[in-house]
Number of protein chains: 2
Amino acid sequence: MEKTIGRMSLYRRLLLDIEKRGASHVYSHELARVAGIGAAQVRRDLMTMGFSGSPSKGYHVADLIGHIGTAIDPPEQQRVALVGVGNLGRAILAYFHGRRPKLAIVAAFDDDSAKVDKVVHGCRCHPLRAMSEIVPALDITVGIITVPAESAQDIADRLVNLDIKGILNFAPAALRVPPGVFVDTMDITTALEKVAYFARKGR
Amino acid sequence: MEKTIGRMSLYRRLLLDIEKRGASHVYSHELARVAGIGAAQVRRDLMTMGFSGSPSKGYHVADLIGHIGTAIDPPEQQRVALVGVGNLGRAILAYFHGRRPKLAIVAAFDDDSAKVDKVVHGCRCHPLRAMSEIVPALDITVGIITVPAESAQDIADRLVNLDIKGILNFAPAALRVPPGVFVDTMDITTALEKVAYFARKGR
DNA sequence: TGAGCGATGTGATTCAATTCACAATGTGTA
DNA sequence: TACACATTGTGAATTGAATCACATCGCTCA
């Protein structure tokens with residue numbers, strides 16, 4: 001079901017597009033085509049999420065968008081901290097700045113004195129030591145790790161101690177966390193090596 | 001087997017660390033622990049790659065590093081183009097700059113006139129129209145897409161026409177490419193939404 | 001030398017994700 | 001109304017990854 005959740009966010013983006021084009025209904029095979037997957041996959045996903053369409057009209061676009069929202073959006077604002085204000089950290093701050101009111105990066109942390117107390121893309125940068133105060137105060141439940149591999153585990157441990165429940169990790173390191181904390185690692189180096197490999201070998 | 005290839009790159013990083021600490025051999029359960037997975041998984045992966053250890057000594061670290069290298073590294077330099085020199089594009093250029101001689105980003109493309117002909121983190125930025133000349137001239141086989149979602153499919157089509165065989169896509173869009181072209185999409189928004197979801201709901 | 005121990009290598013199994021295939025259903029048409 | 005059609009919803013089959021479990025091997029030590 002984890003994969004299904006991941007696709008919901010994609011479906012919603014595609015549906016917003018479709019809605020903008022003025023269509024009120026969409027067939028599973030249409031949504032599948034733009035999502036680049038099979039129609040059965042789409043129907044299975046929507047079934048898993050408890051959404052029904054009607055035979056011969058398909059799925060009601062606006063309803064489905066709403067349904068996805070209630071299923072995957074936080075009911076009220078969910079707050080995120082970003083640790084490591086390097087190039088990648090700044091890119092992520094820039095990307096999310098003001099984009100999702102419901103899912104906002106509200107604090108950044110970095111020990112580089114050139115960055116501390118600066119406001120980067122709408123987000124103030126604090127020293128690492130301030131984490132233990134700011135994370136609980138702002139009720140932050142998700143962390144984004146964009147520090148070098150060597151410090152990633154240490155940062156993860158500290159975030160876990162501060163009761164963070166989800167981590168999006170960009171460091172090329174396998175984080176170990178206790179059960180109950182969800183981690184997704186996006187390892188860009190590994191991804192590029194994999195793409196390069198299959199570009200050479202095929203499949 | 002795609003997953004196995006993806007883990008090889010991780011194993012190598014961990015093994016380099018282990019080697020640095022002076023160990024000449026490593027057990028599957030040790031490697032598994034630092035990789036955050038099961039020991040059987042590690043053995044299965046190494047078996048898939050045709051590497052053998054010895055019972056009671058484990059795997060020879062230096063040999064294994066070498067074996068992984070010949071398995072997943074390009075025999076000679078493989079060249080990569082990056083399209084879209086925004087915040088994320090720059091972060092990726094900075095990260096890979098000079099890091100992998102065998103897998104080098106050798107050209108960047110962007111139509112923003114403030115960027116064209118500038119050298120960004122060791123990589124010259126060309127206008128998009130120059131792609132059709134530069135990509136074949138430099139024998140580039142892999143593309144990284146860091147443009148907004150709207151233009152991602154267009155860029156992918158152009159790269160495919162220029163005979164690129166692998167694409168690492170950061171745009172939140174499902175790219176459609178002909179068979180024989182490998183695509184990996186790293187959708188940061190979707191990933192963050194997924195992490196936020198499981199941070200709230202658990203598992 | 002040979003018995004015991006702790007690894008590896010791997011067939012068999014489990015588990016999850018995807019795809020198939022078709023009965024059930026709503027819509028349009030005559 | 002009744003029929004034909006295209007689509008949904010979903011059990012069943014398939015695929016693929018991860019895990020289990022154990023026969024086998026190589027050291028070590030008595």
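Letters A, B, ... mirror the listed sequences (proteins, then strands); counts begin at 1. Here the structure is a predicted model, which is why all the values come from computation and not from measurement.
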Let me check something: any side-chain donor-acceptor pairs from residues 155-162 of chain A under 3.5 Å, sequence neighbours excluded? List them with distances.
{"from": "D157(A)", "atom 1": "OD1", "to": "Q153(A)", "atom 2": "NE2", "distance (Å)": "2.9"}
{"from": "N161(A)", "atom 1": "ND2", "to": "D157(A)", "atom 2": "O", "distance (Å)": "3.4"}

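- The shortest distance between side-chain heavy atoms of T189(A) and F96(B) falls below 4.5 Å.
- Near DNA chain C, meaning a heavy atom under 4.0 Å away, there are no residues from residues 13-22 of chain B.
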Can you build the contact string for nucleotides 19-30 of chain C? Use B for base contact, S for sugar-phosphate-only contact, and - for no protein heavy atom under 4.0 Å.
BBB---BBS---

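- For DNA chain D, the outermost nucleotides in 5' to 3' order that have an atom under 4.0 Å from a heavy atom of chain B are dA17(D) to dC27(D).
- Looking at residues two or more places apart in sequence or on another chain, you find a ring-ring contact (aromatic ring centres under 6.0 Å, His included) between F109(A) and H126(A).
- Aromatic rings of H25(A) and H60(A) (six-membered ring for Trp) have centroids within the 6.0 Å cut-off, being under it.
- If you check the side chains of Y95(B) and N87(A), you find no donor sitting under 3.5 Å from an acceptor.
- Atom OG of residue S28(A) and atom CE of residue M47(A) lie 13.5 Å apart, to the nearest 0.5 angstrom.
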Quiz: residues 166-185 of chain B side-chain donor-acceptor pairs under 3.5 angstrom, not counting sequence neighbours:
{"from": "N169(B)", "atom 1": "OD1", "to": "A171(B)", "atom 2": "N", "distance (Å)": "2.9"}
{"from": "N169(B)", "atom 1": "ND2", "to": "A171(B)", "atom 2": "O", "distance (Å)": "3.2"}
{"from": "N169(B)", "atom 1": "ND2", "to": "A173(B)", "atom 2": "O", "distance (Å)": "3.1"}
{"from": "N169(B)", "atom 1": "ND2", "to": "T185(B)", "atom 2": "OG1", "distance (Å)": "3.1"}

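- Considering only residues two or more places apart in sequence or on other chains, R43(A) meets the salt bridge (charged side-chain N to carboxylate O under 4.0 Å, His left out) condition with none of them.
- In this entry the distance linking CD1 of I5(A) with P of dA16(C) reads 16 Å, nearest Å.
- In this structure, D63(B) has no salt bridge (charged side-chain N to carboxylate O under 4.0 Å, His left out) partners at least two apart in sequence or on a different chain.
- R21(B) is linked by a salt bridge (charged side-chain N to carboxylate O under 4.0 Å, His left out) to D17(B), counting only residues two or more places apart in sequence or in another chain.
- Scanning for ring-ring contact (aromatic ring centres under 6.0 Å, His included) contacts around H29(A) gives Y27(A), with sequence neighbours left out.
- One can place CG of D45(A) at 11 Å from P of dA17(C), the figure rounded to the nearest angstrom.
- Residues from residues 46-53 of chain B with heavy atoms under 4.0 angstrom of DNA chain C, sorted by number: M47(B), S52(B), G53(B).
- Contacts of R12(B) classified as salt bridge (charged side-chain N to carboxylate O under 4.0 Å, His left out), with partners at least two apart in sequence or in another chain: E193(A), D73(B).
- Residues I140(B) and V106(B) have side chains in contact (heavy-atom distance under 4.5 Å, counting atoms from C-beta outward).
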